[in-house]
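Let me begin by presenting the structure, written as structure tokens, before commenting on it.
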Amino acid sequence: MFRRKYEFKPDREHSGTLSKLYITRRQRLVILKWLLTGLVLVLLSLVQDVIMSRVRIFGATTALVPCGILLFCILLEPDSAAPFALLGSCFYYFSGSAPGSYAIALLTVLGVLMDIFRRSYLRKDFGSILLCAAAAQMLYHLCVFGLEAFLGFTSVERLGVFCLGGALSAAVMPLLYPVFVSIGKIGGESWKE
């Protein structure tokens, strides 16, 4: 008739699946960092396709999405840069803006190799990061030119246009640098150089 105060109580049967999901504060910040980076890449893709595609200087235009991918790769550690470069370049290819499917491999390999080179031989400062990102951007444009010339999509006379496009894209990187540095600081760094 009367229940005891310490009587056995069965578990609740209708606990939702979200109650079992536990995400730490650091994990939430890392998720926020990746979402903001993806949002910036989408914004860069929109600006590139809507505005910058109409602005041509001697037949060349900027490539903002590869700029963002390569710059953020060099800011990340190599173990985080590789998946980011792969996913970012896949997004770039599937958005329809990439010159071909080879852009996935080029951006991933160039981003990771330049990041490893910068960490091995240079200090982490504004100049070395922009130098490596600009070099990766120029190499990307030259590799795209070489592949397109090999496949017969362009002629050798357009080498100057590709080089100018790489230089214009490298000139945009100082504007993107503060955005990617502030996003990269979200969630903290695992180690400092």
Side-chain angles (χ1 to χ4, degrees), residues 26 29-48 52 60-95 97-99 101-147 162-193:
R26 181 171 166 85
L29 290 175
V30 168
I31 291 170
L32 175 67
K33 174 170 69 172
W34 292 111
L35 287 176
L36 285 176
T37 305
L39 186 66
V40 168
L41 287 179
V42 169
L43 182 67
L44 287 176
S45 179
L46 286 174
V47 168
Q48 173 64 40
M52 299 305 288
T61 186
T62 59
L64 295 178
V65 178
C67 269
I69 291 170
L70 292 171
L71 183 61
F72 200 60
C73 273
I74 292 173
L75 289 170
L76 292 173
E77 297 172 8
D79 59 344
S80 300
F84 169 75
L86 184 62
L87 291 174
S89 59
C90 284
F91 161 75
Y92 178 52
Y93 173 68
F94 289 121
S95 71
S97 300
S101 60
Y102 49 84
I104 297 171
L106 281 176
L107 287 172
T108 304
V109 169
L110 285 174
V112 172
L113 288 179
M114 277 302 191
D115 185 27
I116 292 170
F117 173 77
R118 190 205 53 84
R119 288 184 182 275
S120 299
Y121 297 107
L122 302 172
R123 282 185 276 167
K124 185 177 182 178
D125 62 349
F126 177 74
S128 67
I129 291 172
L130 284 183
L131 177 72
C132 289
Q137 186 71 24
M138 286 300 293
L139 283 172
Y140 169 73
H141 278 274
L142 289 175
C143 289
V144 167
F145 169 75
L147 286 169
F162 279 87
C163 290
L164 183 61
L168 289 173
S169 299
V172 174
M173 283 187 184
L175 300 174
L176 297 176
Y177 179 80
V179 174
F180 283 115
V181 166
S182 59
I183 290 174
K185 289 181 181 177
I186 296 175
E189 296 180 26
S190 59
W191 62 281
K192 300 200 184 256
E193 289 187 65

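Quick note: residue numbers are just sequence positions, from 1.
The backbone N or O of Phe117 sits nowhere less than 3.5 Å from a side-chain atom of Ser120 that would complete a donor-acceptor pair. The backbone N or O of Leu86 lies less than 3.5 Å from a partner atom in the side chain of Ser89, making a donor-acceptor pair. Between the Gln137 side chain and the Ala167 main chain, no donor and acceptor come within less than 3.5 Å of each other. For Thr108 (side chain) and Ile104 (main-chain N/O), a donor-acceptor pair under 3.5 Å exists by modelled atom type. Proximity of a side-chain donor or acceptor of Ser128 to a complementary backbone N or O of Arg123 within less than 3.5 Å is detected. Ser169 contributes a side-chain N or O that, together with a main-chain N or O of Gly165, makes up a donor-acceptor pair within less than 3.5 Å.
Among all heavy-atom pairs drawn from Lys124 and Leu75, the shortest one is NZ-O, 4.2 Å. Minimum interatomic distance between Ile183 and Thr37 (heavy atoms only, all atoms of both residues): CG2-OG1, 3.3 Å. Looking at every heavy atom in both residues, Ile74 comes nearest to Asp115 through O-OD1, 3.3 Å. The minimum heavy-atom distance linking Leu130 with Pro174 is given by the pair CD1-CG, 4.0 Å. In this structure, Cys73 and Phe84 approach most closely via the heavy-atom pair SG-CD2, 3.8 Å. When all heavy atoms of Leu44 and Val65 are compared, the closest pair comes out as C-CG2, 4.1 Å.
Side-chain contact of Gln48 with Ser97: a donor-acceptor pair under 3.5 Å is absent, judged by distance alone.
Taking SG of Cys67 as the reference point, atom CG of Leu176 lies at 6.0 Å (rounded to 0.5 Å). Atom CG of Leu131 and atom CG of Leu122 lie 7.0 Å apart (nearest 0.5 Å). Atom NZ of Lys33 is separated from atom CD1 of Ile186 by 8.5 Å, given to the nearest 0.5 angstrom. Taking SG of Cys132 as the reference point, atom CG of Leu110 lies at 12.0 Å (rounded to 0.5 Å). Ile69 contributes atom CD1, which lies 10.0 Å from atom CG of Leu87 (distance to the nearest 0.5 angstrom). Atom CZ of Phe162 is separated from atom OH of Tyr140 by 9.5 Å, given to the nearest 0.5 angstrom.
Side-chain contact between Leu139 and Met114 is present, with heavy atoms from C-beta onward closer than 4.5 Å. Two residues are said to be in side-chain contact when any heavy atoms from C-beta on lie closer than 4.5 Å; Thr61 and Leu168 fail this criterion. Residues Ile129 and Arg118 are in side-chain contact: their nearest non-hydrogen atoms beyond the backbone lie under 4.5 Å apart. Arg119 is listed as a side-chain neighbour of Pro78, based on a closest heavy-atom distance under 4.5 Å. No side-chain heavy atom of Val181 sits under 4.5 Å from any side-chain heavy atom of Phe126.
Ring geometry, Trp34 versus Phe72: the interplanar angle exceeds 60°, so the pair is classed perpendicular (tilted spans 30 to 60°).
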Discussion item. Could you walk me through whether Val112 and Ile116 satisfy the side chain to side chain contact (heavy atoms under 4.5 Å, CB included) test, starting with their C-alpha distance in whole Å, then the side-chain angles of each, then the deciding distance to 0.1 Å, before giving a yes or no?
Written reply: CA-CA 6 Å; Val112 172; Ile116 292 170; 3.8 Å; yes

